[in-house]
Structure formats: C-alpha cells, structure tokens
Amino acid sequence: MEEFVLEMKDITKDFPGVRALDNVSFKVRPGEIHALCGENGAGKSTLMKILSGVYPVGTYTGEIYINGELQSYNNIRESENAGIAIINQELSVIKQMTIGENIFLGNEPTNLGVVIDWGRLYSETKLWLKEVGLQVSPETKVGKLGVGQQQMIEIAKALSKKAKILILDEPTAALTESEVDTLFSILKNLQANGVTCIYISHKLGEVMEIADTVTILRDGQMITTLPIKETTENQIISMMVGRELSERFPRIEHSFGEVILEVEDYQAFAPENSERPILKNINFNVREGEILGIAGLMGAGRSELVMSIFGGLAGSHSGRIVIDGKPVKINSPEDAIKNGLSLITEDRKRYGLILKHDVKKNLTLANLPNLCNWGCINFNEEVKISQKFVDLLQIKTPTVETKVNNLSGGNQQKVVLGKWLMTKPKVLIMDEPTRGIDVGAKFEIYNIMNKLKQEGVAIIMVSSELPEILGMSDRILVMHNGTINGEFMHDEADQEKIMLAATGGK
C-alpha cells in the first residue's frame with residue numbers, strides 16, 4: 001500500500017489580482033480523518049476545488065497523485081471517477097426529488113442503457129441508506145427530511161459512486177448536537193471501512209475530537225501538518241492567524257445606560273395557523289451599551305423572536321414594543337429601521353446580502369434614502385461612504401465595486417455589519433454573528449461589538465455556541481419551546497445552568 005492515498009505537490013493557483021495558493025503541498029494517509037484548517041481566504045476551498053475537478057488541469061500549476069498515480073481532471077466527473085467526492089456546506093440535494101433519485105442522479109441504473117431500472121435504483125438505495133444509518137423509505141421526497149438527514153443522503157450519494165476520499169466542508173454548520181454525534185459515528189464507520197476523509201471546519205473542538213491529523217493553511221501557504229495528539233486548539237489558532245490571541249472572547253466591562261428596548265407580553269403566531277403561538281409571554285429589556293445574549297436549542301424560537309421583533313416574520317403578533325420609552329408599532333423591517341433597530345440575520349447569503357451585487361451596493365442598501373437627491377442616488381457619496389466603512393471595518397476587498405460573492409465568509413459578514421451600522425442603529429440584533437467564519441474574523445467581530453458597546457449601542461446576540469454566549473454576553477436569556485426559561489448575569493452563568501434551562505429545567 002502507498003504511504004499516502006493523496007499527494008498534492010506544489011499547487012499554485014492565481015485569480016485576477018490575487019494568488020490564492022502559493023506552492024502548497026498536501027498529503028493524506030489512507031483511512032485517516034485529516035482536518036484542513038485556516039482562516040477564510042486561507043485557500044482551503046480553492047485547494048479542494050482543484051482536487052475535486054471544479055478548477056480543471058491547466059488553470060493551476062502543480063501535480064495531484066492518487067495512490068501514486070498522476071491525475072489530471074478536466075471536470076468534476078473525472079475527479080469522481082478517480083474516487084474523490086465533496087460534500088459542500090450548501091447541500092446540493094434536489095428537494096423535489098426522492099432520496100433514490102438524488103443518490104443516483106446522473107448515474108441511474110438502466111435496462112439496456114435506455115430505460116431507468118426503478119426497481120434496482122430503489123433496492124440499491126436501501127443498501128446505501130443502511131450504510132449511513134438512515135431508516136427512511138428511499139421513495140421519500142428529500143424536502144421532507146431535516147438538514148442532518150439530507151447530509152447523510154449526500155454521503156450515501158458519494159459512497160454510491162465508490163468514493164475513496166470524502167471531502168466534507170463545514171459539515172456541522174447547521175446540525176444539532178445529536179446530528180453531529182450521528183455524523184461522527186458515520187465517519188468513524190467509514191474510516192473503519194477504508195474511506196479517507198478530509199474534514200474542513202472552523203469548529204476546532206470538533207476537529208480535536210474527530211481528526212487524526214491536521215494541516216493548517218494561512219494566506220494561501222501550507223504552514224504545517226501535525227498529528228492531532230501533538231497539538232492544542234490554541235496552537236492551531238495561533239498558526240491559523242499568525243499571532244497569539246490572548247483571549248478568544250475579549251469582553252470588556254462597561255457601565256450600561258438607560259433601557260433602550262422593552263418587549264412586554266409578546267406573542268407571535270404561526271403563519272399557517274393564527275391560533276398556534278410560536279412565541280409565548282416574552283418579556284425582556286436591553287440597555288444602552290449592553291450585550292444581551294440569547295441562548296437555546298435549535299427550534300427554541302430564538303431566530304423567530306428577533307425576526308418577529310424586526311418585523312420580518314410572517315404571521316400575526318401581539319404585545320408591546322417600547323423604544324426610548326415610547327410604544328412603537330413594527331409590522332415590517334422598514335418600520336424597525338425607522339425606529340432604530342437593525343438585524344444581522346443568521347443566513348447572510350439568503351437574507352443579508354445580494355451576492356451578485358458589489359460591496360458598495362450591499363453596504364448602502366439599507367441607507368439609500370439618505371444617499372438620494374431628488375429621488376436619485378448620489379453615486380459619488382455612495383462610493384465615499386462605502387469606502388469609509390470598508391476602512392472602518394477592515395473589509396478585505398480589492399475595491400468597493402468587487403462582487404460580494406468573491407469575498408471570504410468573514411468579510412461578507414463585515415459587509416452585512418457595515419450595512420446596518422450605516423443606519424446608525426440604537427439596537428443591533430446579531431443572529432449567529434460568527435457562523436461559518438474563522439477564529440481571526442470572529443475576534444475582529446467581537447472587537448467591533450465592544451466598540452459599539454462603548455458607543456452606547458445595545459446589542460442582542462443570538463448564538464448556538466455556548467462559549468461565545470458565555471464569553472461575550474453581559475446578561476443571558478435562555479429560550480425553551482418559544483418562551484424565556486432562564487435569565488443569568490455574566491458572572492453567574494455557566495454551561496450547565498444554560499443547558500438545564502434550554503432543556504426545560506428550572
């Protein structure tokens with residue numbers, strides 16, 4: 001057996017104006033789970049797109065060897081034929097199709113090469129579902145499955161193509177804890193059966209738990225490869241960012257001002273059933289210069305709460321919202337913005353950005369009325385103020401006219417943040433503000449939050465990461481089943497108390 005199942009030698013990849021990979025060499029042993037870590041923009045995705053055939057031979061320099069044999073892919077299909085499969089963070093399932101149709105899409109078994117053999121397709125699907133531990137009918141529409149189950153369908157699809165090297169890009173970003181445990185169990189089982197996994201994640205706790213080896217990239221260069229047992233989270237972080245981060249969560253003590261937002265006896269109802277409450281008896285407030293964390297398990301109602309307060313949730317609601325001591329009516333995001341509220345949504349690509357537009361247009365989107373003269377946008381002022389926020393937030397972009405989908409995740413998040421800061425909010429709501437971004441970008445977001453806090457902006461932060469909630473919040477609300485089931489000051493909160501409240505305990 002070859003010592004390495006995969007060798008990528010001296011890979012260099014250039015895009016206009018930037019070198020994404022600079023002479024990178026990457027080796028993976030057979031049957032290991034090999035983590036690939038680095039900040040957004042470090043080159044991880046570019047390296048994997050070369051490996052998986054997205055960037056064909058000739059668009060980069062360097063060599064790829066599988067089991068010692070030189071490879072040259074012109075497309076994704078050729079990479080799959082060599083045993084490579086990639087499961088991206090944004091799943092590629094077709095929700096209107098059945099599980100079986102998804103697994104064999106483009107590779108359907110046929111009779112005489114003409115007619116699809118549906119009986120064979122579904123019988124083979126059952127075998128692959130068993131392989132990944134799913135007990136569902138192969139004729140189930142994928143849209144009826146949860147995200148965790150959809151991910152297992154992607155893995156089954158990869159295995160059906162005889163994948164020997166499985167690449168997983170941020171595989172747990174939208175999974176619950178139990179789904180993460182299931183995924184890890186599947187990966188360990190695949191490993192036992194000889195499948196090699198390349199695991200890309202910003203969640204270093206998971207990397208330490210599941211990986212055998214870790215390779216670190218920084219600024220398009222390979223820094224090192226180490227057995228996971230010979231390193232620590234803090235050492236990985238230091239190598240990723242190129243500097244020591246003395247504190248993961250740089251929270252500052254700061255005296256609060258007056259109560260700026262009060263929510264009283266608030267309820268919200270399901271759009272499809274006006275008698276079914278999804279939020280019940282919500283009461284809380286937040287002060288100037290305070291970071292109010294909202295914790296809870298998936299489905300507890302955290303995102304629904306902040307979306308409803310912002311006027312972006314379908315369905316009716318009742319109760320009072322008071323801003324600066326005055327009751328206000330918020331029935332739309334426009335109402336919220338006029339009253340000094342801003343919301344960074346949990347899904348920045350779907351709700352926070354227009355990916356095909358440039359940085360400038362995304363930054364000014366919520367502030368256009370203030371950039372208009374007689375109904376026409378003042379384009380010079382738009383460029384000027386956009387550049388101001390690019391500089392202020394240190395957004396890494398060639399120009400303000402660069403398409404926002406060409407930026408890294410962390411810089412996209414800064415664009416969303418800049419868009420709302422431009423409206424000069426009294427209350428900034430941040431739903432999963434650091435999801436899918438690296439530790440260096442997280443640290444920068446936390447420092448921006450601290451600066452806003454010192455300027456008197458009230459921040460409401462929803463997060464699924466308990467260390468983040470505990471590390472940055474001045475006060476913590478815990479939601480369970482659509483209501484607030486616990487409240488803790490920073491000094492009295494710990495993970496056990498929060499989890500008890502999140503699961504319905506007192």
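- Taking NZ from Lys95 and CG from Leu145, the interatomic distance works out to 10.0 Å, rounded to the nearest 0.5 Å.
- With hydrogens and angles disregarded, no donor-acceptor distance shorter than 3.5 Å links the side chain of Asp347 to the backbone of Gly352.
- A distance-only check finds a donor-acceptor pair linking the side chain of Ser332 to the backbone of Asp335 [under 3.5 Å].
- With rounding to the nearest 0.5 Å, the separation of CD in Gln149 from OG1 in Thr182 is 9.5 Å.
- Few gaps surround CZ on Phe15; more than 12 heavy atoms of other groups in view lie less than 6.0 Å from it.
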Which atom pairs, donor and acceptor, lie under 3.5 Å between side-chain atoms of residues 55-66 and protein residues at least two apart or in another chain?
| from | atom 1 | to | atom 2 | distance (Å) |
| --- | --- | --- | --- | --- |
| Thr59 | OG1 | Pro56 | O | 2.6 |
| Glu63 | OE1 | Tyr65 | OH | 2.8 |

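- Of the candidates Val195, Val28, Ile198, Ile198 is the only one forming a side-chain contact (heavy atoms from CB on, under 4.5 Å) with Ile165.
- Taking the side chain as every heavy atom from C-beta outward, Leu365 and His357 never approach each other to under 4.5 Å.
- Taken to the nearest 0.5 Å, the CE atom of Met152 stands 5.5 Å off from the CD1 atom of Ile186.
- In this structure, the side chain of Gln413 engages the main chain of Pro433 through a donor-acceptor pair within 3.5 Å.
- A donor-acceptor contact shorter than 3.5 Å is absent between the side chain of Glu230 and the backbone of Pro227.
- Checking side-chain atoms of Lys44 against main-chain N and O of Gly38 turns up a donor-acceptor pair under 3.5 Å.
- In plain terms, the two heavy atoms of Leu470 and Ala493 that are nearest each other are CD2-CB, 3.7 Å.
- Of the inter-residue distances, the one linking Glu154 atom CD with Ile87 atom CD1 reads 6.0 Å to the nearest 0.5 angstrom.
- Contact annotation: the side chain of Met479 approaches that of Ile294 to within less than 4.5 Å [non-hydrogen atoms, C-beta and beyond].
- Using a distance-only test at 3.5 Å, with no hydrogens or angles considered, no donor-acceptor pair links the side chain of Glu468 to the main chain of Glu465.
- You'll find the side chain of Val390 reaches within 4.5 Å of the side chain of Val359, heavy atoms only.
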Q.
side chain to side chain donor-acceptor pair (under 3.5 Å), that's the test. Do Gln387 and Asp391 meet it? Break it down for me.
A. CA-CA 6 Å; Gln387 188 62 54; Asp391 295 340; 3.0 Å; yes
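- Atom CD of Glu334 has 12 or fewer heavy atoms from other residues, nucleotides or ligands within 6.0 Å.
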Pairs of donor and acceptor atoms involving the side chains of residues 284-291, under 3.5 Å and at least two apart or interchain, shall be tabulated with distances.
| from | atom 1 | to | atom 2 | distance (Å) |
| --- | --- | --- | --- | --- |
| Asn285 | OD1 | Arg475 | NH2 | 3.3 |
| Arg287 | NH1 | Gly257 | O | 3.4 |
| Glu288 | OE1 | Glu258 | N | 3.2 |
| Glu290 | OE1 | Arg287 | N | 3.0 |
| Glu290 | OE1 | Arg475 | NH2 | 3.2 |
| Glu290 | OE2 | Arg475 | NE | 2.8 |
| Glu290 | OE2 | Arg475 | NH2 | 3.3 |

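- With contacts defined as side-chain heavy-atom distances shorter than 4.5 Å, the pair Lys426/Leu261 does not qualify.
- By the 4.5 Å heavy-atom criterion applied to side chains, Thr225 and Lys27 are not counted as neighbours.
- Screening residues 406-438 for ring pair (Phe, Tyr, Trp, His ring centres under 6.0 Å) gives Phe310-Trp420 as the qualifying pairs, with residues at least two apart or on separate chains.
- Aromatic ring pairs are classed by plane angle as parallel below 30°, tilted from 30° to 60° and perpendicular above 60°; the pair Phe184 and Tyr199 is perpendicular.
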**Q.** Test side chain to side chain donor-acceptor pair (under 3.5 Å) applied to His34 and Thr196, step by step
**A.** CA-CA 8 Å; His34 194 121; Thr196 301; over 6 Å; no
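- Minimum interatomic distance between Ala295 and Leu466 (heavy atoms only, all atoms of both residues): CB-CD2, 4.5 Å.
- Atoms CG and OG1, from Leu341 and Thr423 in turn, are 9.5 Å apart once rounded to the nearest 0.5 Å.
- Here the CD1 atom belonging to Ile344 is positioned 7.0 Å from the CD1 atom belonging to Ile445, to the nearest 0.5 angstrom.
- Between the side chain of Thr213 and the backbone N or O of Leu226, no donor-acceptor pair lies under 3.5 Å.
- With respect to the salt-bridge test (charged N to carboxylate O, under 4.0 angstrom), the residues Lys453 and Asp474 qualify.
- A pairwise comparison of heavy atoms in Ser25 and Asp10 identifies OG-N, 3.1 Å as the closest pair.
- When atom types are taken as modelled, the side chain of Asn362 and the backbone of Val415 share no donor-acceptor pair closer than 3.5 angstrom.
- A 6.0 Å sphere centred on CG of Asp219 holds no more than 12 heavy atoms belonging to other residues, nucleotides or ligands.
- Contact record, Cys37 with Ile236: CB-CG2, 4.4 Å, taken as the closest heavy-atom pair.
- Between Lys403 and Glu401, no side-chain nitrogen of the basic residue sits less than 4.0 Å from a carboxylate oxygen of the acidic one, so the salt-bridge criterion is not met.
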Q: For the pair Asp212 and Gln191, evaluate side chain to side chain donor-acceptor pair (under 3.5 Å) and give the outcome as yes or no after the intermediate values.
A: CA-CA 11 Å; Asp212 303 303; Gln191 182 181 28; 2.7 Å; yes
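- Put simply, the side chain of Ile260 reaches to within 4.5 Å of the side chain of Asp324, judged on heavy atoms.
- Within the 4.5 Å cutoff, side-chain heavy atoms of Pro467 are placed close to those of Gln495.
- Legend: residues meeting salt bridge (Lys or Arg N to Asp or Glu O under 4.0 Å) with Lys13, ordered by chain and number and at least two apart, are absent.
- Closest approach of Ala85 to Ala158, counting heavy atoms only: CB-CB, 3.5 Å.
- Shortest non-hydrogen contact noted between Thr345 and Met307 is CG2-CE, 4.2 Å.
- For Lys361, there are no salt bridge (Lys or Arg N to Asp or Glu O under 4.0 Å) partners two or more places apart in sequence or in a different chain.
- In this structure, Met499 and Leu297 have side chains that are in contact, with non-hydrogen atoms separated by less than 4.5 Å.
- With sequence neighbours left out, Gln221 forms a side-chain hydrogen bond (donor to acceptor under 3.5 Å, both in side chains) with Asp22.
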Q) How far apart are the C-alpha atoms of Ile395 and Phe389, what are their side-chain angles, what is the distance that settles it, and do they pass the side chain to side chain contact (heavy atoms under 4.5 Å, CB included) test? A) CA-CA 8 Å; Ile395 299 170; Phe389 276 84; 5.6 Å; no
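- Side-chain N or O atoms of Ser386 include one that pairs as donor or acceptor with a backbone N or O of Glu382 at under 3.5 Å.
- Side chain of Lys414 to backbone of Gln394: a donor-acceptor contact under 3.5 angstrom is found.
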